[in-house]
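Read through the structure below, which is laid out as structure tokens, and then see the notes.
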Amino acid sequence: MKAFTFYDQNKQPQIGIEYEGKTINFSIVWQYFKQLKNILQAPDLFFLQIVVEMEYFSTATLQEIIKTVQGVRPLQDLELPEKIQYDVPISRPQEIICLGRNYKKHAEEFDSTVPQQPMFFSKLSSSLLPHRGVIKIPSDVGRVDHEIELAVVIGEVASKVAAKDAYDYIAGYTIANDITARDMQKTDIKDGKPWTLSKGFDTFCPMGPYLVPADSVQDPHNLELELLVNGEVRQKSNTRYMVFKIPELVAYISKYVTLQPGDIICTGTPEGVSPIKPGDEIVATIEGLGTLKNTVAV
Ligand code: MG
């Protein structure tokens with residue numbers, strides 16, 4: 001199952017779900033479900049983030065809601081057209097926490113090594129950009145790179161979570177592209193400055209198009225990742241090469257920071273990062289999670 005937030009013809013946000021080969025408007029399915037169950041006081045569901053916050057975001061739960069409605073009315077009229085205007089799956093995360101140097105070969109391509117402990121930085125939520133959105137690169141910032149990453153979306157308040165319990169706190173997975181102003185980052189590192197600005201420009205966090213429920217992903221550490229620029233493969237790896245695995249990451253972060261539903265952890269990028277420039281088309285695919293496409297402009 002794959003879920004997403006989109007805008008309908010009236011520019012209203014709605015939730016779509018790809019289910020059994022069809023893509024349906026789940027926001028309307030939910031309205032019918034509320035009537036059937038006589039729970040009209042329940043909130044409307046227009047953003048995936050609300051579904052996550054309500055702790056409804058699992059394949060099992062969403063399937064049950066769809067099947068209940070399908071039992072009393074056909075869903076054909078709720079099927080969505082092929083061309084859709086996507087939003088990011090989670091539009092207002094409180095935190096976007098990212099891993100630096102979490103793939104050995106990526107650390108090596110910048111003559112660096114894997115850190116002893118996971119190394120975190122934050123990306124600004126204002127940098128989020130949906131599927132098909134345009135990455136904007138100011139003309140005076142030098143080299144800017146793509147970085148495909150598996151992104152984990154938190155499903156429950158998580159504080160001091162043990163690694164063995166970490167998966168209980170994960171709602172789902174999506175694709176992120178951690179766009180980086182590399183020249184600026186290198187200068188900042190040399191000067192002892194943080195990475196916030198070089199990672200945080202507007203449009204520097206393409207994400208989506210889908211959020212895939214955790215119970216639809218068999219093993220998040222066995223997913224092929226591939227990123228193409230203008231049809232040429234630049235990054236190709238597998239999430240199994242992550243140094244610090246997802247349970248360790250959730251345990252390590254939540255020891256110090258209380259994570260909220262909808263918070264995002266980007267798990268680091270494999271080798272092959274390379275410069276992008278205006279006019280490029282970037283296509284990032286993670287096995288089972290779909291394909292995130294963006295173009296680049298000034
Ligand atoms: Mg990165």
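We're numbering straight along the sequence, starting at 1. Computed from a predicted model, the values in this text were never measured in an experiment. What's counted below: heavy atoms across the whole structure, side chains too, no hydrogens, waters or symmetry copies. Just follow the structure's listing: the first ligand is 1, and inside any ligand the first atom is 1.
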Under 3.5 Å donor-acceptor pairs involving side-chain atoms of residues 198-215, not counting sequence neighbours:
unit_1, atom_1, unit_2, atom_2, d
S198, OG, W195, O, 3.1
K199, NZ, E147, OE1, 3.4
K199, NZ, D178, OD2, 2.8
K199, NZ, T180, OG1, 2.8
T203, OG1, K136, N, 2.9
Y210, OH, E18, OE2, 2.9
D215, OD1, T59, N, 2.8
D215, OD1, T59, OG1, 2.8
D215, OD2, T59, N, 3.1
D215, OD2, A60, N, 3.2

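For E147, the N, O or S atom closest to the Mg ion (ligand 1) goes by the atom name OE1. Minimum-distance N/O/S atom of E149 relative to the Mg ion (ligand 1): OE2. As for D178, its N/O/S atom nearest the Mg ion (ligand 1) is the one called OD2.
Below 30°, between 30° and 60°, or above 60°: for Y256 and Y252 the angle between ring planes is above 60°, a perpendicular geometry.
In terms of the salt bridge (charged side-chain N to carboxylate O under 4.0 Å, His left out) criterion, residue partners of D44 (sequence neighbours excluded) are, by chain and number, K34.
The one candidate from E226, E287, E224, H221 that meets the side chain to side chain donor-acceptor pair (under 3.5 Å) condition with N238 is E224.
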